[in-house]
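Working notes for the structure below.
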Amino acid sequence: MFGLDDPMESFKRTYGNLNDIVQNIIDILTMSPESNHAVWASIENVFNVLLPVGYSVATIFILMTFVNQAMLFKLNNYERIVKLFLVFTIGKVILENSFDLMGWLYSETANLMLQAGKITPMENLVDMNELEAHMSQMNRLDRFIFWTQSLPTTAIVSLINTTVNVFAYGRLIELYVYMALAPLPLSTAVSEDHRSIAKSFFQSYIGVCIQGFIMLLCCIIYTGLAIEFKDPTQNASMMGGFGGYLLASMVLLLVLAKSGNWAKEIVGLR
């Protein structure tokens, strides 16, 4: 809680610079996978622990396929046996290199987003200089009343901004989880009956990568459209800027929440 003499500090923290707020989201989306060395080492360690399990599951699937085909007398030539051997070899190569492959896709996605994530500087929905000049003319009672009137909007905007960052970090954590657990679903790639699990897993991972592009695009569009939400008829009271900021933040939150569904539709999972 801030004192009555310095409510501007709270307004600056909450409304600040829209360019900085959006840029912070873009920075999270384009973080290098190795940027957090402790987390990256833990993810790699989990992957290495699960890799032998993936080998075992893949071996079981190959043995089950071998037994089934033998019982059905389908192994009547060397071609089928060689095919099983090649399938197992390819599956083993996929498992061994999946962490590096997924890390490469992650890094390339981040690099592409860095190149695409150029936002055009825009006017703030709340003019801090004008607001400060406006409040400097108030006495303590008027300042308290003004702060009380804007408190609900300030609280909601702060919550929305925090939630938006949670969405961005949530995608980052989701990517880490996919990479760490990759050996388990990818081990099904050697099985004709269960190969769809590995395919869906890889599609989902690509979808999460694409989700970053969608979130980035939403931020870029947001910076171009947010100023349209400002009510010019209320500039004198500053509440037009507060209301416009609230509406713009809610729109950004909603489209970021939908970005995961849009990404799944793009990769064919819906």
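Here, residue 1 is the first one in the sequence, and each next residue gets the next number.
Checked options I62, V57, I60; the residue passing with V190 is I62 (criterion: side chain to side chain contact (heavy atoms under 4.5 Å, CB included)).
Within the 4.5 Å cutoff, no side-chain heavy atoms of L216 are placed close to those of T30. Between I26 and M113, the closest side-chain pair of non-hydrogen atoms is not below 4.5 Å. Using a 4.5 Å heavy-atom cutoff, the side chains of R195 and F61 are not in contact. In this structure the side chain of F167 never reaches within 4.5 angstrom of the side chain of I28, judged on heavy atoms. Contact check for L175 versus R171: side-chain heavy atoms found under the 4.5 Å cut-off.
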Going through the checks in order, is the side chain to side chain contact (heavy atoms under 4.5 Å, CB included) test met by L172 and Y106?
CA-CA 10 Å; L172 182 65; Y106 181 2; 2.3 Å; yes

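The CG atom of L253 sits 11.0 Å away from the SG atom of C218 when rounded to the nearest 0.5 Å. Rounded to the nearest 0.5 Å, atoms CG (L105) and CG (D100) are 11.0 Å apart. Taking CD1 of I94 as the start and OG of S187 as the end, the distance is 11.0 Å to the nearest 0.5 Å. In this structure, N165 CG and Y169 OH are separated by 7.0 Å, a value rounded to the nearest 0.5 Å. In this structure, I173 CD1 and I43 CD1 are separated by 9.5 Å, a value rounded to the nearest 0.5 Å.
Annotation: ring-ring contact (aromatic ring centres under 6.0 Å, His included) contacts of F47 (sequence neighbours excluded): F99.
Between S259 and Q211, the shortest heavy-atom contact is OG-NE2, 3.1 Å. Considering every non-hydrogen atom in both L50 and A180, the closest pair reads CD1-O, 3.6 Å. Across every non-hydrogen atom of V255 and W262, the tightest pair is O-CZ3, 3.8 Å. Between G212 and L29, the shortest heavy-atom contact is O-CD1, 3.9 Å. Annotation for A58 and L95: closest pair CB-CD1, 4.4 Å, computed over non-hydrogen atoms.
Each of V166 and I25 belongs to its own hydrophobic cluster when Ile, Leu, Val, Met, Phe, Trp and Tyr are linked at side-chain heavy-atom distances under 4.5 angstrom. Criterion: ILVMFWY side-chain heavy atoms under 4.5 Å apart, direct or through other members. Under it, L254 and V164 are not part of a common hydrophobic cluster.
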Expected list for residues 196-210: side-chain donor-acceptor pairs under 3.5 angstrom, two or more places apart:
from: S200; atom 1: OG; to: S196; atom 2: O; distance (Å): 3.0
from: Q203; atom 1: NE2; to: V267; atom 2: O; distance (Å): 2.8
from: S204; atom 1: OG; to: S200; atom 2: O; distance (Å): 2.9
from: Y205; atom 1: OH; to: M102; atom 2: O; distance (Å): 2.5

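Between the side chain of T188 and the backbone N or O of P185, at least one donor-acceptor pair lies under 3.5 Å. At least one donor-acceptor pair closer than 3.5 Å links the side chain of N48 to the backbone N or O of E44.
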